[in-house]
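Comments concern the structure below.
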Amino acid sequence: MQKHKIIFGLNLVIIVSMIGIYFGTSIPEIVPVHYNINGDIDAYGKKQDLLMLLATCLVLSIGLYYLSKNPQKANYPYKITDENRESSYRKMQNFIGVLSLISTFIFFVVFLKSSGLLGGHGYVQYIIYFLMLLNPLGLIYFLRTK
């Protein structure tokens, strides 16, 4: 199950990249590159700055993929023993898979919004808020399950 989450996250990166390449000519030369907490535009940049967003997303996804393949390198909030090793590694792999998927989807939404491919203003920041709230909930689940 966990492998599918990471693959799906990496696929979203590829899809975003393809959308960027495909619609690259229709993206304005100046695009929003930063939004404040209310979803208002703080800063503008060049169209090429969106490629940096995609590169960051790709590097993050690859790093999380590596960490999910090597859960012993992760940082645990408790001591790993022979009794809890398998369970802890499995939980960490699941947590990293979910984290990768949520992070990639946040990058996806921001990329689409900044490129002008995602219309509307009011609801986009709420999607991002919701996705950001999922991360601590995943951590709470990780800490509470045995």
Side-chain angles (χ1 to χ4, degrees), residues 1-28 30-39 41-118 123-146:
M1 177 77 173
Q2 168 264 358
K3 287 181 184 178
H4 299 294
K5 293 174 188 170
I6 292 175
I7 290 171
F8 183 70
L10 289 173
N11 284 339
L12 277 178
V13 171
I14 293 168
I15 290 168
V16 169
S17 301
M18 289 189 298
I19 289 172
I21 292 167
Y22 182 76
F23 290 107
T25 55
S26 66
I27 296 174
I30 303 296
V31 295
V33 293
H34 192 269
Y35 300 90
N36 66 15
I37 192 77
N38 297 320
I41 300 168
D42 286 282
Y44 291 89
K46 297 178 184 169
K47 173 170 65 171
Q48 293 78 12
D49 292 340
L50 292 179
L51 294 177
M52 198 58 170
L53 183 73
L54 294 174
T56 303
C57 185
L58 184 61
V59 168
L60 179 66
S61 293
I62 291 170
L64 289 172
Y65 176 75
Y66 171 77
L67 191 57
S68 74
K69 296 302 271 179
N70 301 287
Q72 68 277 6
K73 296 188 186 279
N75 202 4
Y76 292 87
Y78 51 83
K79 184 172 172 53
I80 301 295
T81 64
D82 289 337
E83 292 82 29
N84 69 3
R85 184 177 321 278
E86 290 300 317
S87 169
S88 296
Y89 288 176
R90 187 181 65 252
K91 286 192 305 185
M92 183 59 80
Q93 287 175 323
N94 289 335
F95 176 70
I96 291 170
V98 170
L99 181 66
S100 175
L101 182 62
I102 291 169
S103 300
T104 304
F105 194 70
I106 288 172
F107 277 99
F108 180 69
V109 170
V110 169
F111 175 81
L112 291 178
K113 178 66 179 159
S114 293
S115 64
L117 300 174
L118 184 64
Y123 64 89
V124 174
Q125 77 239 27
Y126 298 114
I127 294 170
I128 294 174
Y129 295 156
F130 174 73
L131 291 170
M132 290 172 67
L133 284 174
L134 290 179
N135 285 330
L137 292 176
L139 183 59
I140 291 168
Y141 169 77
F142 175 77
L143 292 173
R144 291 187 53 92
T145 57
K146 294 287 179 189

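What you see is a predicted model, and the numbers here were worked out from it, not measured in a lab.
- Inter-residue side-chain proximity for Ile102 and Leu99 is flagged as unmet; no heavy-atom pair is nearer than 4.5 Å.
- When all heavy atoms are compared, the tightest approach of Leu50 to Ser115 is CD1-CB, 3.7 Å.
- Considering every non-hydrogen atom in both Tyr44 and Val33, the closest pair reads C-CG2, 3.6 Å.
- Among all heavy-atom pairs drawn from Gln93 and Ser68, the shortest one is NE2-O, 2.9 Å.
- Under the 4.5 Å side-chain criterion, counting only non-hydrogen atoms from C-beta, Tyr78 is in contact with Ser88.
- Contact annotation: the side chain of Asn84 approaches that of Ile80 to within less than 4.5 Å [non-hydrogen atoms, C-beta and beyond].
- Interatomic distance, Tyr89 OH to Asn94 CG, rounded to the nearest 0.5 Å: 15.0 Å.
- In this structure, CG on Asp49 lies 9.5 Å from CG on Leu53, to the nearest 0.5 angstrom.
- Judged by distance alone, the side chain of Asp42 and the main-chain N or O of Asn36 form a donor-acceptor pair under 3.5 Å.
- Closest of all the heavy-atom pairs between Tyr35 and Pro32 is OH-CB, 3.4 Å.
- Taken from CD in Gln48 to CD1 in Ile27, the straight-line distance is 9.5 Å, to the nearest 0.5 Å.
- Separating the OG atom in Ser61 from the CZ atom in Phe107 is a distance of 8.0 Å, to the nearest 0.5 Å.
- To the nearest 0.5 angstrom, Ile62 atom CD1 is 14.0 Å from Leu67 atom CG.
- Going from atom OG of Ser103 over to atom CD1 of Ile96 covers 11.0 Å, rounded to the nearest 0.5 Å.
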